[in-house]
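Here's the structure, in structure tokens; my notes come after.
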Amino acid sequence: MATYDRLPPPLRRWLAEAILPWSAASALRLWRRTLAETGSEAAALDRLAAAESRLVARDAARIWGAGHPMAGDTRRPVAG
């Protein structure tokens, strides 16, 4: 929990509403990588959301089949 408490506030807010149970470490890795590339917190949050969407789509297709409403295009690799 201490790791979570040390996260940047925008990242903590995003994690509090995330669909998947992200670890603080993996979310922070993606956050830092995106900030280093773009310098933008908004871009980092967008990248986290995109990664989560791809993971949900992949899992929905694998678990419930390609016809599930949450199953989508899983061809792009998940960042993280």
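Hydrogens, waters and symmetry mates play no part in the numbers below; they use all other heavy atoms, side chains included.
- Smallest separation of non-hydrogen atoms from Ala24 and Thr3: CB-CG2, 3.8 Å.
- When all heavy atoms of Ala49 and Trp14 are compared, the closest pair comes out as N-CZ2, 3.7 Å.
- Here the side chain of Thr34 pairs a donor or acceptor atom with the backbone of Leu30 at under 3.5 angstrom.
- Considering Leu20, Leu28, Leu7 as possible partners of Leu15, the one that fulfils the side chain to side chain contact (heavy atoms under 4.5 Å, CB included) test is Leu7.
- Here CZ of Arg58 is found 9.0 Å from CD1 of Ile63. Values are rounded to the nearest 0.5 Å.
- Arg47 has its side chain within reach of Glu37: a pair of non-hydrogen atoms, C-beta onward, lies under 4.5 Å apart.
- For Arg32, the CZ atom sits in a loose shell: 12 or fewer heavy atoms of surrounding residues, nucleotides or ligands are nearer than 6.0 Å.
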Practice prompt. Apply side-chain contact (heavy atoms from CB on, under 4.5 Å) to the pair Asp59 and Trp64, showing each step before the final yes or no.
Written response: CA-CA 8 Å; Asp59 290 349; Trp64 295 291; 6.0 Å; no
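- Judged purely by distance below 3.5 Å, without hydrogens or angles, the side chains of Trp31 and Glu41 never pair a donor atom with an acceptor atom.
- Taking each heavy atom of Ala43 and Ser40 in turn, the nearest pair found is N-OG, 3.0 Å.
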